[in-house]
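First comes the structure, then the notes that go with it.
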Amino acid sequence: MKDKKKEPGERLQKVLAQAGLASRRHAEEIIQQGRVQVNGEVIRTLGTKVSPDDQIVVDGNLLKMPPKKYDYYLLHKPTGYITSVTDPQGRKTVMDLMQGIPRRVYPVGRLDYDTSGLLVLTNDGELAHRLMHPSYGVEKTYRVEVRERIPKQARQRLETGVDLEDGKTAPARVREVVQMGQDLRPCYEITIHEGRNRQVRRMFKAIGYPLISLKRIRFGPLGLEEQMAPGNFRSLTPLEVQKLRQEVELK
Ligand code: URA
């Protein structure tokens, strides 16, 4: 049981209402009347946070929690953050950006410290596992900047497959992005469906055009909105979750 505002968990009256016991308003009255125990202790304070592991008893009856609801978020990861839950070296992690969410979620796959862009976070382990699994071949699109334009022949090497130390890469789609304005660097979009470590960086290095910047703009059916600033996140819509599930053959 948690009682600090910032602690993860749900408010007790919300949990009682979600369990179908009473309306939120009535649940508040039940709590204030001292009819609710959490882990054996009578709780009269509204807003007390509880987690799925807490044992809640109302009028002597154990409350049956509804099936676990999963959370799904889309984060615009900035550079300078690592995609883990903790870092032994003390660097900032993407979890530092996910403030105020009720339950713990985990990043789906990795983006390098120096990579920005679209990252999905969830506590739906089955979906996350499938999205990362190579057999489902979820497509990911990256926007890359390089110092000089890449000639067609070198681009074709990316498209047909590049020999890396861990084997040849699968065919990729590459397109040049025409940018307006002065002093802009040549820019390309590359779509791959593998997820090897530092794969895009290694592919461009292997053809002699090391990257200056790397940003993921698509992940399966999801795209990064232009207006979403780095560091911001939002919940996925039910339709987006459905599309993600369909992508990996989940109902
Ligand atoms: N490829 C890379 O090289 N880095 C990333 O972060 C993602 C894909």
Side-chain angles (χ1 to χ4, degrees), residues 73-89 91-98 105-122 127-148 150 154-177 185-225 228-233 244 247-248:
Y73 299 99
L74 184 161
L75 167 72
H76 184 166
K77 176 195 174 295
T79 57
Y81 285 78
I82 62 157
T83 313
S84 335
V85 176
T86 54
D87 181 39
Q89 293 174 45
R91 290 172 297 179
K92 287 180 286 190
T93 82
V94 289
M95 301 320 297
D96 296 328
L97 300 164
M98 304 298 295
V105 288
Y106 304 90
V108 177
R110 283 176 41 121
L111 287 178
D112 299 333
Y113 183 78
D114 295 330
T115 303
S116 62
L118 194 167
L119 184 70
V120 172
L121 297 103
T122 185
L127 179 66
H129 173 74
R130 289 191 182 207
L131 288 170
M132 285 186 277
H133 200 281
S135 64
Y136 293 98
V138 175
E139 285 195 340
K140 288 142 281 214
T141 302
Y142 298 87
R143 186 167 288 179
V144 309
E145 281 184 326
V146 283
R147 245 173 256 288
E148 46 185 318
I150 307 177
R155 260 161 60 187
Q156 277 169 349
R157 286 186 59 205
L158 295 172
E159 286 166 347
T160 51
V162 183
D163 280 315
L164 299 178
E165 59 271 34
D166 50 356
K168 192 170 173 175
T169 59
R173 293 200 303 280
V174 183
R175 77 174 191 97
E176 185 166 2
V177 179
R185 302 217 157 94
C187 182
Y188 297 87
E189 282 178 12
I190 179 166
T191 301
I192 60 171
H193 58 78
E194 299 171 291
R196 303 195 219 165
N197 196 23
R198 298 181 75 82
Q199 179 167 343
V200 177
R201 289 177 198 280
R202 289 191 292 138
M203 287 171 78
F204 279 78
K205 189 159 179 228
I207 63 158
Y209 293 83
L211 298 188
I212 296 173
S213 73
L214 177 58
K215 177 179 186 175
R216 182 154 70 193
I217 57 167
R218 287 207 77 80
F219 181 75
L222 307 178
L224 185 67
E225 294 104 359
M228 189 178 214
N232 284 358
F233 67 90
L244 268 185
E247 184 84 11
V248 292

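Counting starts at 1 for both ligands and their atoms, in listed order.
For residues 208-222, no residue pair satisfies the salt bridge (charged side-chain N to carboxylate O under 4.0 Å, His left out) rule, not counting sequence neighbours.
In the model, R175 has no side-chain atom that pairs as donor or acceptor with a side-chain atom of T191 under 3.5 Å.
For the pair K140 and F219, the cation-pi criterion (under 6.0 Å, within 45° of the ring axis) is not fulfilled.
The pair R202-E165 meets the salt-bridge criterion, since a charged nitrogen lies less than 4.0 angstrom from a carboxylate oxygen.
Summarising the local packing, CZ of R147 is surrounded by 12 or fewer heavy atoms from other residues, nucleotides or ligands at distances under 6.0 Å.
Closer than 4.0 angstrom to ligand 1 by heavy atom are L111, D112, T115, Y142, R198, Q199, V200, R201, L214, sorted by chain and number.
Of the candidates D87, D112, V94, D87 is the only one forming a side chain to side chain contact (heavy atoms under 4.5 Å, CB included) with I82.
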